[in-house]
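Counting starts at 1 for both ligands and their atoms, in listed order.
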Amino acid sequence: MSAKSSPHAGRRALITGVTGQDGSYLSEFLIEQGYQVFGVVRRSSSENFERLEGVRERMTLLHADLLDQSSLNRAMAVAQPHEVYNLAAQSFVPTSWSEPVLTAQFTAIGVTRVLEAVRQMAPEARFYQASSSEMFGKVHETPQRESTPFHPRSPYGVAKAYGHYITVNYRESYGMHASSGILFNHESPRRGLEFVTRKITHGVARIATGHDKVLRLGNLDAKRDWGFAGDYVRAMWLMLQQDQPDDYVVATGETHTVEECCDVAFRRVGLDWRQHVQLDPAFVRPAEVDLLLGDASKAEAKLGWKPTVSFRQLIEMMVDADVAALEAKGAHKRS
Ligand code: NAP
Ligand code: G4F
């Protein structure tokens, strides 16, 4: 179906955090569905639109910052969106210990600012909040589901819990169509280089192509429920297509250690991780989330959502992309 003949043609979506991993996949998905997409970007001294390659010309970028209410109101007034996806955040957990106040400003209070902009300028718009499995932290039950109590272990997790509850509160206070997706870790070749999966796959690619010998990591025993970002943005959209707003866990239902991730990644290039990985206390956190494993049966039953990419496929896809990118760079340098 062409975008023009799609049932969603003429619908407008506004995405905060559009330059990030999820923002790029979501904008591609919505443009394919026929949406007019407005991406919110903050000012930077140099452009960082690499992830939007291919869709940059098919969307409208608006300048606004989660720290500035008037800029958000203006973006909302210009876009007049039917759907708002709030993906912007300071999303790297270790930075939330070194910059706890800024993390709270972006990741917690920023949600209230976006909700206020929607309430004042586009009150009929449907709203999606990017909540996180980090809210479960020191988990009270396994697997974690929508009813599992929160016990965040980082300033980031605490900020996300605020963002989750303020979304529920605006739904209950103002009758807004506001939904919260409690998404477990999701990755892709577009993942930031500092997150552990990408750090590993990029490190493996550098070692395989002779750029490096060693990869320094922290806690190899931590367990995560890792899925593919392309699958997870589909779940965000499905939440906003429901008659009633709600909260949903989005996860694969499988958990793996960081060590297993190393094993799959190094094997992909015919290497043994034990020969290359060194433990570095600098990457160990003051408080750890030991185990995340999600139960997405509500999302499956109500949204018809299921993941399509396995853990092994995901890590191998990321290694292949990192190796190909480094080889292309090398070839470019030689020519
Ligand atoms: P990401 O790659 O780190 O992207 C974050 C985005 O937020 C970037 O576009 C960034 O813009 C923007 N941003 C940060 N501070 C801002 C501000 N003050 N004003 C405007 N924009 C700002 O994150 P992601 O992996 O795509 O995740 C998307 C969302 O889902 C985040 O809220 C994250 O916390 C949440 N989440 C992620 C996962 C996961 O596993 N990926 C799981 C659960 C929840 P710049 O490019 O200018 O820095
Ligand atoms: O990849 P990570 O940095 O992701 P983390 O902390 O789970 O957070 C991500 O997922 C959340 C959803 O649960 C999101 F809300 C959040 O925005 C982000 O996208 O670390 C994963 C695990 C941790 O247990 C960490 O201690 O990997 C362990 N790890 C071991 N060595 C490392 C390293 N993490 C990083 N980043 N770097 C290391 O060298």
Sorted by chain and residue number, the ring pair (Phe, Tyr, Trp, His ring centres under 6.0 Å) partners of Tyr232 (sequence neighbours excluded) come out as His186, Trp305
Nearest non-hydrogen contact to atom 18 (C) of ligand 2 from the set Trp226, Phe283, Phe195 belongs to Phe195
Logged contact type for Leu292 with ligand 2, heavy-atom cut-off 4.0 Å, is side chain
For Val258, atoms of ligand 2 separated by under 4.0 Å from a heavy atom:
27 (O), 28 (C)
May I ask which of Arg285, Glu194, Lys199 has a heavy atom nearer to atom 3 (O) of ligand 2 than the others do?
Arg285
Among protein heavy atoms, which sits nearest to atom 39 (C) of ligand 1, and what does the distance come to when rounded to 0.1 Å?
His186 CE1, 3.3 Å
Candidate with minimal heavy-atom separation from atom 11 (C) of ligand 2, of Ala222, Pro94, Ser132:
Ser132
For atom 14 (C) of ligand 1, which protein heavy atom lies nearest, and how many Å away is it?
Ala89 O, 3.3 Å
Arg191 heavy atoms, cut-off 4.0 Å: which ligand 1 atoms fall inside?
25 (O), 39 (C), 40 (O), 41 (N)
Give a yes/no on ligand 1: does Ser24 have at least one heavy atom closer than 4.0 angstrom to it?
no
Ring pair (Phe, Tyr, Trp, His ring centres under 6.0 Å) against His82, all qualifying residues, sequence neighbours excluded
none
Report yes if some N/O of Gly218 lies less than 3.5 Å from some N/O of ligand 2; otherwise report no.
yes
At what distance is the nearest protein heavy atom to atom 23 (O) of ligand 1, and which residue and atom is it?
Ser91 OG, 3.5 Å
